[in-house]
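In what follows, chains carry the letters A, B, and so on, assigned in the order in which the sequence lines appear, proteins first and then strands, with residues in each chain numbered from 1.
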Number of protein chains: 2
Amino acid sequence: MSSPNHPAMTFADRLIDEIRARRSPCIVGIDPALEHMPADFLRERGIGDESTREERARALFEYSASIVDAVHDLVAAVKPQSAYFERYGAPGIAALEQTVEYARRKGLLILLDAKRGDIGSMAAAYAAAYLDPGGLEVDAMTLSPYLGSDTLEPFFTACETHGKGAFVCVKTSNPGAGSLQDLDVGGRLVCEVVADMLEPFSRRTAGRHGYGLIGAVVGATYPETARALRSRLPRSIFLVPGIGAQGGDSTALRAYFNADGLGAIVSSSRAVNYPHLYGGESIRTAALRFIEQVRGAV
Amino acid sequence: MSSPNHPAMTFADRLIDEIRARRSPCIVGIDPALEHMPADFLRERGIGDESTREERARALFEYSASIVDAVHDLVAAVKPQSAYFERYGAPGIAALEQTVEYARRKGLLILLDAKRGDIGSMAAAYAAAYLDPGGLEVDAMTLSPYLGSDTLEPFFTACETHGKGAFVCVKTSNPGAGSLQDLDVGGRLVCEVVADMLEPFSRRTAGRHGYGLIGAVVGATYPETARALRSRLPRSIFLVPGIGAQGGDSTALRAYFNADGLGAIVSSSRAVNYPHLYGGESIRTAALRFIEQVRGAV
């Protein structure tokens, strides 16, 4: 019963079904950086100073596939970070495409962390690149809002047309996030102004579970802000990075959820991708520990 | 005499030398979209509904190369827009790489319009992707500042190390730019706060001609704001899009320049890329008209 203009099953509905089935709001980031990979992994593939971009990109895909293999039955979605793939140009993007295809075949939803934003026809081209059928199609992508509300609309239109999701950066997890996002503009913070921009789109696209297609990135490092944003964006799913390696405290996670126990997905990248750097045993063990930690908190 | 940490000739110095040699601050955007290309161009290449991504990406490169051929002796730099290439995935990025290589061989500086922005190690990965030697290396790139001042620093570090340039979106050319950028935060606008973030980096990297490596995107559609930003960023080069197709008025361009007649580059994309849609004869004629129009105004 799916048609292009009225997708029967939207990203938000599918995501929440998966979260319920797994009793976990956790997702895993895919941040493949050669400099963090285990020496054995690189040695087996002969990766060294003389390796070509193609060889490095191949290692990126293989490491990403090993993450997918380790977590595909544990989480609803994976979140590849575009920057790490772009670093190796066209072969890097080919590795991203392979990773997306591999994760999709394993039944995972794919959320591309690309933080795109541009004006008019350029925004439409980015939306076509990542949200239209064909090409490097993912289920949802992250966006950056500095250019203004009109620049988000081509993305939101693509989301509505294809049942895709977008997560707009509202309050990010970095230490300096507040340098713009927390500026006070006559009683509201800049991040609250952005939240208010999204709210109508989120409400308009609310699906079976009451959540819309337009979510918000809200860092785990700022639970106070999350509380304020939660009430402004009742129908938006929050994408919550910053747990673990970045210092976000899992005990404060409840502020990111609604009373229905839904409304947020919690993402871990480095601690799960590189357990050997954080005293862990394996990617799967690190993912299981992350999931237990979040379950205990929420 | 160039060393990685002290490039003998920085982007800003080279750009201003080129501007002086040509007596023109104009640059040309490269925005290759199949739907705007002349029917003849597409027919000759057999591009139609059934074309593969590879075939479409090939047409993107060929159209981009024709723009470079038409303008390489007229302008200091070209500005490829990443979105249009990303639209075709890995083959699209390969076409972007070919375009960058082609334009470089013709002696042009290359400014990638990608509006990237991310936190910490992801920002460093984007900087490595586009500003480090090797890979898809360009001379300068555009950035989006919403995530905060700390997220710009990895890019600025790469600029200083390699003598590259960055243009941070301060006031963009779109109708809704003000929805965030013009919010008043205790006597300054948000765009002025961003300008004040950049100023120390711009001053610190000032080269032979007095201009630093960190510039600002300031749309041609907002000359009043440009005047205010000009005095806050005396050592930043402004990248000025929005002339022509977007409605920016060339007679107001003087506000974007310093008293030394320098300090801005004016970019035209659509009117030069697709003269057949704007009553023009050829790309070269459209570029010459654009250059004369700007010369008359400045």
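At a 4.5 Å heavy-atom cutoff, the contact between B:Glu86 and chain A is made by backbone and side-chain atoms alike. Contacts between B:Ser121 and chain A at a heavy-atom distance below 4.5 Å involve backbone atoms as well as side-chain atoms. When heavy atoms are compared at a cutoff of 4.5 Å, B:Ser149 approaches chain A by way of both its backbone and its side chain. Heavy atoms of A:Asp31 lying under 4.5 Å from chain B belong exclusively to its side chain. For A:Ser82, the parts lying near chain B are the backbone and the side chain together; criterion is any non-hydrogen pair under 4.5 Å.
Listed options A:Val193, A:Leu183, A:Leu136, A:Asp118 were ranked by heavy-atom pairs under 4.5 angstrom with chain B; first place goes to A:Asp118. Heavy-atom pairs under 4.5 Å with chain B were tallied for A:Leu96, A:Val170, A:Val217; the largest tally goes to A:Val170. Ranking B:Gly186, B:Pro91, B:Gly148, B:Ala83 against chain A, the residue ahead of the rest is B:Ala83, based on heavy-atom pairs under 4.5 Å. Considering only heavy-atom pairs separated by less than 4.5 Å from chain A, the leading option among B:Cys169, B:Gly134, B:Ala124, B:Ala33 is B:Cys169. By number of non-hydrogen pairs under 4.5 angstrom with chain B, the leading residue of A:Ala114, A:Gly120, A:Pro145, A:Gly117 is A:Pro145. Ranking A:Leu147, A:Thr142, A:Val185 against chain B, the residue ahead of the rest is A:Leu147, based on heavy-atom pairs under 4.5 Å.
Look at A:Arg232 and A:Glu199 and you find no salt bridge, because none of the NZ, NE, NH1 or NH2 atoms lies under 4.0 Å from a carboxylate O. For the pair B:Glu35 and B:Arg87, the salt-bridge criterion is met [side-chain N within less than 4.0 Å of a carboxylate O]. Between A:Arg104 and A:Glu97 there is no salt bridge, since no side-chain nitrogen of the basic residue lies less than 4.0 Å from a carboxylate oxygen of the acidic one.
Annotation: B:Phe155 is not in aromatic contact with B:Tyr130 [ring centroid separation under 6.0 Å not met].
The CG atom of B:Leu111 lies 5.5 Å from the CD1 atom of B:Ile265; values are rounded to the nearest 0.5 Å.
Using bins of under 30°, 30° to 60° and over 60° for the plane-to-plane angle, the ring pair A:Tyr63/A:Tyr274 lands in the parallel bin.
Checking A:Tyr222 against A:Thr172 by side-chain atom types alone, no donor-acceptor pair falls below 3.5 Å.
Closest approach of A:Tyr256 to A:Pro223, counting heavy atoms only: OH-N, 3.2 Å.
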